[in-house]
Number of protein chains: 2
Amino acid sequence: MATRTRLDHQTRQHQIVEAARDLIASGGLDALTIRGIASKVGVTEAAIYRHVDSKEEVILLLIQEVEESLFHAISRATRSDRHALERLEHMLQLHVSYVELRQGISFIVIAEAAQFEEPKVRSAGRRLVEKYLSLVSEIIAQGIERDEVSKSVFPDAAAMIFFGMIQSAVTRWLFDPSTHPLGENAVSMWKLFRTSLEFSGEDSNRYSQEDGMN
Amino acid sequence: MATRTRLDHQTRQHQIVEAARDLIASGGLDALTIRGIASKVGVTEAAIYRHVDSKEEVILLLIQEVEESLFHAISRATRSDRHALERLEHMLQLHVSYVELRQGISFIVIAEAAQFEEPKVRSAGRRLVEKYLSLVSEIIAQGIERDEVSKSVFPDAAAMIFFGMIQSAVTRWLFDPSTHPLGENAVSMWKLFRTSLEFSGEDSNRYSQEDGMN
DNA sequence: GCCATGTTTGTAAACGTTAACTAACATAAG
DNA sequence: CTTATGTTAGTTAACGTTTACAAACATGGC
């Protein structure tokens with residue numbers, strides 16, 4: 001083994017989380033092992049423990065990374081001043097791209113965290129989901145204030161449906177990516193779901209039915 | 001070591017699947033071990049292999065059992081001749097009760113199967129999801145024929161939203177059952193979602209807005 | 001500039017535990 | 001007697017983690 005490479009703490013921790021992400025993406029949480037991480041990073045197992053206290057910390061760092069990258073990915077859609085339904089549609093689009101790019105790890109991580117025993121891991125996963133739902137809920141609530149969304153819509157319920165749409169699309173896509181393209185399924189669900197957010201007789205600000213994805 | 005109980009193949013296999021279900025329900029797929037099953041059944045590990053070829057077979061039997069029990073649980077809703085939206089609402093209600101009764105194992109099993117490497121396990125999980133979606137999709141398609149559901153609805157997309165509603169409700173519920181009651185979240189989502197299935201101007205057979213759950 | 005000292009980052013090898021699974025032998029039932 | 005259902009006692013392999021030691025790096029006193 002030729003030249004021994006020495007890298008600093010921060011870089012190594014980043015490499016560890018990246019390796020953890022890759023391992024989970026291609027084999028579920030079972031495939032996440034210290035051995036596997038060490039192998040991907042290119043150091044021995046013991047070296048991993050120089051930069052991380054335990055396997056649990058790896059998982060916590062991974063959840064944190066997923067949270068940051070996900071919210072960064074969809075941030076472009078949230079901060080605009082556009083119509084609430086346009087923002088949601090854009091957000092869905094960005095979220096789908098993110099999932100495809102990261103091979104679904106976000107939902108795998110959430111699913112695993114939900115059935116973990118460790119309280120820290122559970123609550124980290126829970127906070128991620130709740131933060132996402134709050135974001136969507138907030139957009140819808142704003143939409144109602146601006147008469148862009150029907151007053152009869154409960155923002156929380158709508159946010160959960162929105163989240164569920166992505167979840168069901170990802171589930172199918174994980175089983176068979178080729179026959180269940182993420183984007184197409186998401187778009188067709190959105191076209192249907194938005195009708196339940198739109199006005200239903202009442203006056204409202206317009207949201208064209210024919211713009212949007214595709 | 002009192003009376004040595006000897007039971008037949010079929011009974012033991014049933015006990016094994018039941019034990020597997022309990023283990024997963026209270027600790028995720030990590031908690032599913034041959035040791036754990038043996039302990040719950042009340043025999044030694046080696047005895048388990050008299051009735052099952054491998055751990056993989058346990059998982060396959062479990063998926064099969066989940067499929068059978070789930071479809072049996074919701075069958076009352078599907079075979080009726082009532083309004084399509086009533087059938088869906090009833091189905092949602094029964095599905096929620098089933099998930100609560102079985103502590104969410106159906107969705108845990110699906111989530112795990114989706115990231116398994118073993119092709120048999122993957123396709124068993126995939127078939128379960130597809131079968132469920134087909135069932136919902138079929139009900140909606142029938143509803144369209146009978147003018148109970150808007151013609152503009154795509155049955156496949158609607159079925160995925162329906163499935164996603166339950167999935168998101170279960171996800172939250174798994175994280176914190178007390179603050180996110182499954183039934184209540186499901187009902188509030190349904191109330192919103194059904195508006196996108198109903199007529200929107202066109203003639204249609206009536207579906208009262210005020211009957212249903214609660 | 002050089003070198004003694006302390007810290008960081010690495011390795012090799014092993015630890016104890018647990019996993020799935022198996023072979024050899026025992027015994028109840030038909 | 002034969003077969004199906006058990007047990008006891010083991011195997012092999014993988015896991016997370018730790019220990020003892022080495023090499024790279026930083027730095028303050030001379």
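Each chain gets a letter, A, B and so on, in the order its sequence line appears, and its residues count up from 1. None of these values were measured; they are calculated from a predicted model.
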Inset, instruction - Report yes or no: do A:His180 and B:Glu130 form a side-chain donor-acceptor pair below 3.5 Å? - result: yes
All N/O donor-acceptor pairs, side-chain side in residues 101-114 of chain B, below 3.5 Å, sequence neighbours left out:
unit_1   : atom_1 : unit_2   : atom_2 : d
B:Arg102 : NH2    : B:Glu65  : OE1    : 2.6
B:Arg102 : NH2    : B:Glu65  : OE2    : 2.8
B:Arg102 : NH2    : B:Ser69  : OG     : 3.4
B:Glu112 : OE2    : A:Gln115 : NE2    : 2.8

Legend entry - ring pair (Phe, Tyr, Trp, His ring centres under 6.0 Å) partners of A:Tyr132, counting only residues at least two apart: A:His95, A:Phe163
Legend entry - CZ on A:Phe193 to CD1 on B:Ile161, rounded to 0.5 Å: 7.0 Å
Pull out every protein N or O sitting under 3.5 Å from an N or O of nucleotides 2-5 of chain D, one pair per line with the distance.
unit_1 : atom_1 : unit_2 : atom_2 : d
D:dA4  : N3     : B:Arg6 : NH2    : 2.6
D:dT5  : OP1    : B:His9 : N      : 2.9
D:dT5  : O4'    : B:Arg6 : NH2    : 3.4
D:dT5  : O3'    : B:Leu7 : O      : 3.3
D:dT5  : O2     : B:Arg6 : NH1    : 2.9

Pairs under 3.5 angstrom, nitrogen or oxygen only, protein versus nucleotides 19-22 of chain C, please.
unit_1 : atom_1 : unit_2  : atom_2 : d
C:dA19 : OP2    : B:Arg35 : NE     : 2.7
C:dA19 : N7     : B:Arg35 : NH2    : 2.8
C:dA20 : OP1    : B:Lys55 : NZ     : 3.0
C:dA20 : OP2    : B:Ile34 : N      : 3.0
C:dC21 : OP2    : B:Tyr49 : OH     : 3.1
C:dC21 : OP2    : B:Lys55 : N      : 2.8
C:dC21 : N4     : B:Glu45 : OE1    : 3.2

Legend entry - Whole angstrom value for the distance that separates P of D:dG16 from CG of A:Leu29: 10 Å
Inset, instruction - Report yes if a side-chain nitrogen or oxygen of B:Thr44 is closer than 4.0 Å to either non-bridging phosphate oxygen (OP1 or OP2) of D:dT7; otherwise report no. - result: yes
Legend entry - B:Arg194 side, atom CZ; B:Leu88 side, atom CG - distance, nearest 0.5 Å: 11.5 Å
Legend entry - Set of residues satisfying side-chain hydrogen bond (donor to acceptor under 3.5 Å, both in side chains) with respect to B:Thr195, sequence neighbours excluded: none
Inset, instruction - Give every residue pair that meets the ring-ring contact (aromatic ring centres under 6.0 Å, His included) criterion with at least one member in residues 32-61 of chain B, sequence neighbours excluded. - result: B:His9-B:His51
Inset, instruction - Please report, rounded to the nearest Å, how far the P atom of D:dG6 is from the CD1 atom of B:Ile16. - result: 9 Å
Inset, instruction - Measure from NZ or CZ of A:Lys131 to the centre of the six-membered ring of A:Phe71 and say whether it is under 6.0 Å with the direction within 45° of the ring axis. - result: yes
